[in-house]
Amino acid sequence: MKRLLIVDFHALLHRSRNAMMRTGRDFRTSDGIPTSGVFSLINNLLSCIKLMEPTHVVVTYDAGGNTRKGDSSTYKANRTGPSDDFKTEMSILLDEGLYSLGIECIGIKGYEADDLIYTIAHVAQFGMDRMDEIIIWTCDQDLLQCVTERVKVLLFNSAKTQKLMAVNDVIEKWGCEPADILLVKAIAGDASDNISGVPRIGMKTAVKILEEYGWDLLAALDHKKLKGYDELIKDNLHLVTLRRSWELAGAIRFEDWKLGKGIAGDYGDFLQRYEFTSLQKRLRSTITLMQLQ
């Protein structure tokens, strides 16, 4: 069986690093280089790979130039920029840590990681070289709209609290099919991305209205509670709709993402350089897990 694990890098690094910092574990090398997030993400990633047993792994990240911010001055305006320490740890992981494990990292300017994940999941399902199963590892519920019979989302909260979401799980949580989540968000908004919805309408009310109109959003605009909010809803739909990168879709080679591309010596040197004593103790098992050469 070919199973692809797609890793939502920025979301997981934020969550992993913040969890460490909240418990006072501000890891730094003897030279003062911050490594809390690096340690936590690699530790969690190895645990995830052991749990999910993928044959292929790829990491997606935000490369900047988010076009949605050009479409809306308020989109994600509630988020502060990354700290210098976060940028340092991000660079360590993308340029050294993940590379030493043989994991390819993909970012395309102008596209969010969510768009790249959506693109990869689509190609993995419908391209010529298809995967049997796709697992998206993230803590971002926006990606639940990618769930299909062959795509599942592993929602990460902490290493001990993760939930693998299939179609039925999404329907139970949202009250709709995964592909219809964007219609609910177009009406109700999304506070995490600073998208304002129709006043006094939450997720459950949005679902009821859409059900009444057979999940036809344009028809639902006639509902009395949505009157006068046509432009807001259409603008929101534009913001929450995931976009495919045809540039990426045409360049995907799943062979490049197979486990076993890393070099054991490179990974060992990386652990030593950043003084990860506990990960060094697990080096032999990691070599086996990641099929390092």
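Residue numbers run from 1 in the order of the sequence given. These numbers were taken from a predicted model, which means no experiment stands behind them.
- Judged as a salt bridge (Lys or Arg N to Asp or Glu O under 4.0 Å), the pairs with a partner in residues 19-31 (not counting sequence neighbours) are, in order, Asp26-Arg28, Arg28-Asp85.
- Nearest heavy-atom pair, Pro178 versus Val167, reported as atom, atom and distance to 0.1 Å: CD-CG1, 4.2 Å.
- The minimum heavy-atom distance linking Leu182 with Val240 is given by the pair O-CG2, 3.6 Å.
- In this structure, a donor-acceptor pair under 3.5 Å is present between the side chains of Trp137 and Gln162.
- Summarising the geometry, atom OG1 belonging to Thr55 is positioned 10.0 Å from atom CZ belonging to Phe254; distances are rounded to the nearest 0.5 Å.
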The test is side-chain hydrogen bond (donor to acceptor under 3.5 Å, both in side chains); show your working for Gln125 and Thr148 and say whether it passes. CA-CA 9 Å; Gln125 289 178 90; Thr148 66; 2.7 Å; yes

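- Counted within 6.0 Å of NZ on Lys261, heavy atoms from surrounding residues, nucleotides or ligands total more than 12; the atom is thus considered enclosed.
- In terms of the ring pair (Phe, Tyr, Trp, His ring centres under 6.0 Å) criterion, Tyr61 has no residue partners (sequence neighbours excluded).
- Using a 4.5 Å cut-off on side-chain heavy atoms (C-beta onward), Met165 and Leu144 make contact.
- Here Arg273 pairs with Glu96 in a salt bridge; the nearest charged N to carboxylate O distance falls below 4.0 Å.
- The two atoms that bring Gly175 and Val207 nearest to each other are O-CG1, 3.6 Å, heavy atoms only.
- Here the side chains of Ile233 and Leu217 are in contact, with some heavy-atom distance below 4.5 Å.
- Taking a cutoff of 4.0 Å between a charged side-chain nitrogen and a carboxylate oxygen, Arg253 and Asp129 do not qualify as a salt bridge.
- Side chain of Asp180 to backbone of Cys176: no donor-acceptor contact under 3.5 angstrom is found.
- Residues Met290 and Ile49 have side chains in contact (heavy-atom distance under 4.5 Å, counting atoms from C-beta outward).
- One finds the CG atom of Asn18 at 8.5 Å from the CG atom of Leu13 (value rounded to the nearest 0.5 Å).
- The hydrophobic cluster containing Leu218 also contains Leu237, counting ILVMFWY residues as joined when their side-chain heavy atoms lie under 4.5 angstrom apart, directly or transitively.
- The CG atom of Leu12 lies 15.0 Å from the CZ atom of Arg17; values are rounded to the nearest 0.5 Å.
- Annotation: Gln272, atom CD; neighbour count of heavy atoms from other residues, nucleotides and ligands within 6.0 Å does not exceed 12.
- Annotation for His10 and Asp62: closest pair ND1-N, 3.1 Å, computed over non-hydrogen atoms.
- To the nearest 0.5 Å, atoms CG (Leu292) and CD1 (Ile287) are separated by 6.0 Å.
- Counting heavy atoms of neighbouring residues, nucleotides and ligands inside a 6.0 Å radius, atom CD of Glu247 does not exceed 12 of them.
- The side-chain heavy atoms of Val57 and Ile6, taken from C-beta on, include no pair separated by under 4.5 Å.
- Distance check: Ile117 CD1 to Leu242 CG gives 9.0 Å after rounding to the nearest 0.5 Å.
- With Ser91 contributing its side chain and Lys87 its backbone, the two residues share no donor-acceptor pair below 3.5 Å.
- At a cut-off of 3.5 Å, with distance as the only test, no side-chain donor of Thr138 or Asp140 sits close to an acceptor on the other residue.
- A side chain to side chain contact (heavy atoms under 4.5 Å, CB included) with Ser16 is found for exactly one of Ile42, Val38, Leu41, namely Leu41.
- Within a 6.0 Å radius of CG in Asp222, more than 12 heavy atoms belonging to other residues, nucleotides or ligands are found.
- Enclosure of atom NZ in Lys2 by more than 12 non-hydrogen atoms of other residues, nucleotides or ligands within 6.0 angstrom is indicated.
- Here Asp266 pairs with Ser100, Ile263 under the side chain to side chain contact (heavy atoms under 4.5 Å, CB included) rule; sequence neighbours left out.
- Thr29 places no side-chain N or O within donor-acceptor distance of the main-chain N or O of Tyr274, the cut-off being under 3.5 Å.
- Taking the side chain as every heavy atom from C-beta outward, Phe9 and Leu93 approach each other to under 4.5 Å.
- Between Asn43 and Arg282, the side chains place a donor N or O and an acceptor N or O closer than 3.5 Å (distance only, hydrogens not considered).
- Counted by atom type alone, Arg3 and His56 present zero donor-acceptor pairs between their side chains at under 3.5 Å.
- No side-chain N or O of Ser36 forms a donor-acceptor pair with one of Glu89 less than 3.5 Å apart.
- With Asn236 contributing its side chain and Gly189 its backbone, the two residues share no donor-acceptor pair below 3.5 Å.
- Counting all heavy atoms, side chain and backbone alike, Gln293 lies closest to Gly260 at NE2-O, 2.7 Å.
- Taken to the nearest 0.5 Å, the CG atom of Asp132 stands 7.0 Å off from the CZ atom of Arg150.
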Evaluate the side chain to side chain contact (heavy atoms under 4.5 Å, CB included) criterion for residues Phe270 and Leu101: first the C-alpha distance (whole Å), next the side-chain angles of each, then the deciding distance (0.1 Å), finally the verdict. CA-CA 10 Å; Phe270 168 76; Leu101 286 168; over 6 Å; no

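- Gln145 has its side chain out of reach of Glu177: every pair of non-hydrogen atoms, C-beta onward, lies at least 4.5 Å apart.
- Contact of the Glu133 side chain with the Val151 side chain is not registered, since no non-hydrogen atoms from C-beta on lie closer than 4.5 Å.
- At least one donor-acceptor pair under 3.5 Å links the side chain of Thr23 to the backbone N or O of Met20.
- Contact of the Ser245 side chain with the Ile108 side chain is registered, since non-hydrogen atoms from C-beta on lie closer than 4.5 Å.
- Met21 and Ile33 are assigned to two separate hydrophobic clusters, defined by single-linkage of ILVMFWY side chains at heavy-atom distances under 4.5 Å.
- Under a hydrophobic-cluster definition in which Ile, Leu, Val, Met, Phe, Trp and Tyr are linked whenever side-chain heavy atoms come within less than 4.5 Å, directly or via other members, Tyr99 and Ile106 are assigned to different clusters.
- Across all their heavy atoms, Ala124 and Ile134 have their closest contact at CB-CG1, 3.7 Å.
- No donor-acceptor pair closer than 3.5 Å links the side chain of Asp193 to the backbone N or O of Asp190.
- Relative orientation of the Phe39 and Phe27 rings is tilted, given thresholds of 30° and 60° on the angle between their planes.
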